[in-house]
Structures are given as C-alpha cells and as structure tokens.
Amino acid sequence: MNSAKPTWKERRKVVLVIFDRSKMLDVTGPLQVFNDARLEDGNPAYEVILASETGGPVTTDTGVTLDSERIDDVMAGPIDTLLITGGAPAQSTAATASLRSCLAKYLDHPRRIGSICVGAFILAELGVLDGREATTHWEKCRNLQRDYPSVIVRPDSIFVLSDGIWTSAGVSAGIDMALAMVEDDLGHVTALALARRLVLFLKRPGGQSQFSVELRRQMHDARGRFDDLHTWMRANIGSDLSVAALAAEARMSPRNFARVYHRDTGESPARAVEQFRVEAARRLLEAAPDSIQRIAHRVGFGDDERMRRAFMKAYGVSPQDYRSRFG
C-alpha cells in the first residue's frame, strides 16, 4: 500500500466495492458515516464512491438496487480508502474470482484498505490478510481460520487494524470501523461529535466483544429463567451480590443456584456480577460527574483498582481512558 498521507485540506476519496447481493447495511452504514463527516471548515471530508466490477446498477441482498461506477474507472485516480463490503457471495471463491482479478491490479493504490463483515474472505483470498490479525462476522470466524490458516483471526473483536489493514465484524460493526477511521483522520472530538449526530449509543472501541454482555447472556439463557434476578441485580448493583445473596433472591440453595445458573447462562454468578458492575460503571463514567473512586463504590467494586482490572478485561481500556474518550 501507498503509505504517503495526503494533505488533510480537501476531500479524500473512499471507494466501497459492491457486488450482486452485497449486504445492504454493510454498504449504507459506512457510507452514511463518511458522507456525514466534515472538515473544520464545514465542507465534506470524504467523497464516497460505490464501485463494482462492471459498473451500473447492483442489487443488494434486500432487493434494493444501488448505482455504481466501474472499478477500473474509479481506480484510475488517487484513492484514499478502499473497502470491500460483505454479503453471501464474498465467501465463495468461485463467485468472486472475476472481482478479485479486477481488484488485484489496484491493491497498492489506496492509502488504506479494509473489509466489512465477510468481505474479509475476499481480502484473505487475495493474500492481503496473510500474517495479519483480522476479524469477520462471528458466525464465519471459524471458516475464515480454517480456509486461511495464515490469517490470525480475532473472533471477538468488533474491528481490527493490523499492519495497515482494517477488517470489521458483522453488519453494524462496519459503522464502528468507519467511525474509527474518521477518528484516525480527523481526531477524537470530530468522530465523537459525528457519532452523536448519527444518534449512535456509543462509539465502541475495536477490541470490544461483538456481543454486548446482555445479548450474550440472553443467547445462553433462552428460557429467561433468571430475568427477574438480573433485574434485581441491576437495581441493587452496589449491594451484597454474593452467591448466598443471589441464591436467596432466587429462592434456591447456594449450591444448587450456582450450578443451575452456570448451566443456563454459561457463566458463573461471580462473573455475571462483575459484568453487571462493569456495565453500570460504564454508564456512570459516560454521564455522571462522580470521581472514579466514587463510581467504584457506587457499583459495588469497593475500590477503583478492582474496577480498573475488570474494565481492562471487558473493554481493553482503563476507566480513566474510557471516560476521556466517551464521557
């Protein structure tokens, strides 16, 4: 790739590569982020172009048709960012052979290359991901690792930047990655303001899990046996949440409660309590003026060092760094 960084005073060209049955949100999510980003003078920061192998109308997986330009025409000029979108055909070497042949001529043109969702399979087949860390949709991470053993697959990450190559997880993670690219280009304040304009709940760091804590728990506890208990835990987050206290609230013996809870949710009660407390602390760090020490006590960690260790495990950043980024 060309590592030269153009002067940041005019629009950079971002090319989103699409194909028949591209995933609609893989295209439109990053497209909206780049389209809405602004330079300091208020002018658009990016020129976004949809490109396909032959140009013309391309039908997405939703049946909605998007107009596109021909890749050979688009790549004739300077390109800042080239992103390969996802969609079922991206996983098939037969379906993408002609597209890959077209793209192979231009891999050294852009300053920045990346993929969204299963678009990583196209980059992997082109050899771009060899020896690099990468991610893709959680359902396809094992396939990516199996089919391309030279790729270091990070199945939990929302997006990964490895040696200049960006890859993102499924669907909405492409938005997170695009925001991270804007932050890389324009700075944290601009990216956070953009996230707020787009009414995104949180600009998530790339190392964060593809699943929220609550979604992961709901996937395991499909019967919802402990839903009432979880509601009670949130309401009493700073109180005694020992196994004995939780078992009493669930009207079970401590030993039976610990066994059944682990069976139904896939995690120990102690781990669940830690995750609930981390999420409660995260919300307070975003909105409350309290000190970190005070927040640690409010959510039941007892001291800020315990909270710091739990935060590092959950988000890969300290509470202080988290507050500076998202508070």
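No experiment lies behind these values; they were computed from the predicted model shown.
Using a 4.5 Å heavy-atom cutoff, the side chains of Lys105 and Asp72 are in contact. Between Arg112 and Met181, some side-chain heavy-atom pair lies under the 4.5 Å cut-off. Using a 4.5 Å heavy-atom cutoff, the side chains of Pro110 and Lys13 are not in contact. When side chains are defined from C-beta on, Thr65 does not count as touching Val58, because their heavy atoms never get closer than 4.5 Å. Taking the side chain as every heavy atom from C-beta outward, Arg70 and Met75 never approach each other to under 4.5 Å. No side-chain heavy atom of Ile295 sits under 4.5 Å from any side-chain heavy atom of Phe301. You'll find the side chain of Tyr261 reaches within 4.5 Å of the side chain of Glu267, heavy atoms only. Using a 4.5 Å heavy-atom threshold, the side chains of Leu246 and Val273 count as touching.
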- Task: Could you please spell out the steps behind the side-chain contact (heavy atoms from CB on, under 4.5 Å) verdict for Glu47 and Val14?
- Result: CA-CA 6 Å; Glu47 175 189 3; Val14 176; over 6 Å; no
- Message: Phe226 vs His262, test: ring-ring contact (aromatic ring centres under 6.0 Å, His included). Steps then yes/no.
- Response: CA-CA 11 Å; Phe226 294 107; His262 190 281; over 10 Å; no
- Message: Under the criterion side-chain contact (heavy atoms from CB on, under 4.5 Å), I'd like the reasoning laid out for Glu183 against Leu194: C-alpha separation, chi angles, the key distance, then a yes or no.
- Response: CA-CA 10 Å; Glu183 181 176 23; Leu194 175 58; over 6 Å; no
- Task: Go through the steps to decide whether Ile116 and Leu16 satisfy the test side-chain contact (heavy atoms from CB on, under 4.5 Å), and finish with yes or no.
- Result: CA-CA 10 Å; Ile116 302 155; Leu16 292 171; 4.3 Å; yes
- Task: Might you work through the side-chain hydrogen bond (donor to acceptor under 3.5 Å, both in side chains) test for Ser115 and Thr167, ending with a clear yes or no?
- Result: CA-CA 5 Å; Ser115 63; Thr167 54; 5.1 Å; no
- Can Ile292 and Leu285 be said to form a side-chain contact (heavy atoms from CB on, under 4.5 Å), step by step? CA-CA 8 Å; Ile292 289 175; Leu285 287 167; 4.1 Å; yes
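Ring geometry for Tyr106 against His109 counts as perpendicular: the plane angle is over 60°, on a 0 to 90° scale with 30° as the lower cut.
No side-chain donor-acceptor contact under 3.5 Å links Ser92 to the backbone of Ala88. Side chain of Ser318 to main chain of Asp321: a donor-acceptor pair is present (N/O by atom type, distance under 3.5 Å, no hydrogens or angles). The backbone N or O of Phe159 lies less than 3.5 Å from no partner atom in the side chain of Ser157, so there is not a single donor-acceptor pair. With hydrogens and angles ignored, the 3.5 Å screen pairs a side-chain donor or acceptor of Asp303 with a backbone N or O of Arg306. Not a single donor-acceptor pair under 3.5 Å links the side chain of Asn35 to the backbone N or O of Leu31. Of the possible polar contacts, none joining the Ser101 side chain to the Ala97 backbone as a donor-acceptor pair under 3.5 Å is found. Under the 3.5 Å distance criterion, the side-chain polar atoms of Gln145 are matched with a main-chain donor or acceptor of Val153. The backbone N or O of Arg154 sits less than 3.5 Å from a side-chain atom of Thr135, completing a donor-acceptor pair. Judged by distance alone, the side chain of Ser150 and the main-chain N or O of Asp130 form no donor-acceptor pair under 3.5 Å. Judged by distance alone, with hydrogens and angles left aside, the side-chain atoms of Thr60 form a donor-acceptor pair with the main-chain N or O of Val64 at under 3.5 Å.
Of the inter-residue distances, the one linking Gln320 atom CD with Phe311 atom CZ reads 11.0 Å to the nearest 0.5 angstrom. Rounded to the nearest 0.5 Å, atoms CG (Leu161) and CG (Asp184) are 7.5 Å apart. Considering OG of Ser291 and CG of Asp304, their distance stands at 8.5 Å, rounded to 0.5 Å. Atom CG of Leu198 and atom CD of Gln32 lie 6.5 Å apart (nearest 0.5 Å). Annotation: the span from Arg277 atom CZ to Met233 atom CE amounts to 8.0 Å, rounded to 0.5 Å. Rounding to the nearest 0.5 angstrom, the gap separating the CD atom in Glu53 from the CD1 atom in Ile18 is 12.5 Å.
For Glu249, there are no salt bridge (Lys or Arg N to Asp or Glu O under 4.0 Å) partners, not counting sequence neighbours. Qualifying ring pair (Phe, Tyr, Trp, His ring centres under 6.0 Å) partners for Tyr148, counting only residues two or more places apart in sequence or in other chains: none. Taking Ile122 as the reference, Phe19, Ile84, Ala90, Thr96, Leu99, Arg100, Leu103, Leu126 meet the side chain to side chain contact (heavy atoms under 4.5 Å, CB included) condition, with sequence neighbours excluded. The ring pair (Phe, Tyr, Trp, His ring centres under 6.0 Å) check on Phe34 picks up Tyr46, with sequence neighbours excluded. In this view, Glu274 and Arg271, Lys313 satisfy the salt bridge (Lys or Arg N to Asp or Glu O under 4.0 Å) rule, not counting sequence neighbours.
Heavy atoms only, all atoms of each residue included: Gly174 and Pro30 are closest at O-CG, 3.7 Å. Closest heavy-atom contact between Trp166 and Leu123: O-CD1, 4.5 Å. The two residues Leu144 and Ala124 come nearest to each other via the heavy atoms CD1-CB, 4.0 Å. Counting all heavy atoms, side chain and backbone alike, Val27 lies closest to Ser22 at CG2-CB, 4.2 Å. The nearest pair of heavy atoms linking Arg234 to Phe276 is NE-CE2, 3.6 Å. In this structure, Ala95 and Pro89 approach most closely via the heavy-atom pair CB-O, 3.7 Å.
With respect to Arg283 and Glu286, no salt bridge is recorded, no charged nitrogen being found less than 4.0 Å from a carboxylate O. Salt-bridge annotation for Arg132 and Asp163: present, with a side-chain N of the basic residue lying under 4.0 Å from a carboxylate O of the acidic one. Ionic pairing of Arg111 and Asp185 is present here: one or more N-O contacts between side-chain nitrogen and carboxylate oxygen are shorter than 4.0 angstrom.
Residues Trp138 and Ile152 are members of separate hydrophobic clusters, defined by side-chain heavy-atom contacts under 4.5 angstrom among Ile, Leu, Val, Met, Phe, Trp and Tyr. With hydrophobic clusters built from ILVMFWY side chains whose heavy atoms lie under 4.5 angstrom apart, Leu241 shares a cluster with Met252. Cluster annotation: Val278 and Met312 are assigned to distinct hydrophobic clusters (Ile/Leu/Val/Met/Phe/Trp/Tyr, side-chain heavy-atom contacts under 4.5 Å, transitive). Under the 4.5 Å side-chain contact rule for hydrophobic residues, Val243 and Ile237 share a cluster.
Sorted by first then second residue, the salt bridge (charged side-chain N to carboxylate O under 4.0 Å, His left out) pairs that include residues 15-40, not counting sequence neighbours, are Lys23-Asp61.
Within a 6.0 Å sphere centred on CZ of Arg142, other residues, nucleotides and ligands contribute 12 heavy atoms or fewer. No more than 12 heavy atoms of other residues, nucleotides or ligands sit less than 6.0 Å from atom CZ of Arg255.
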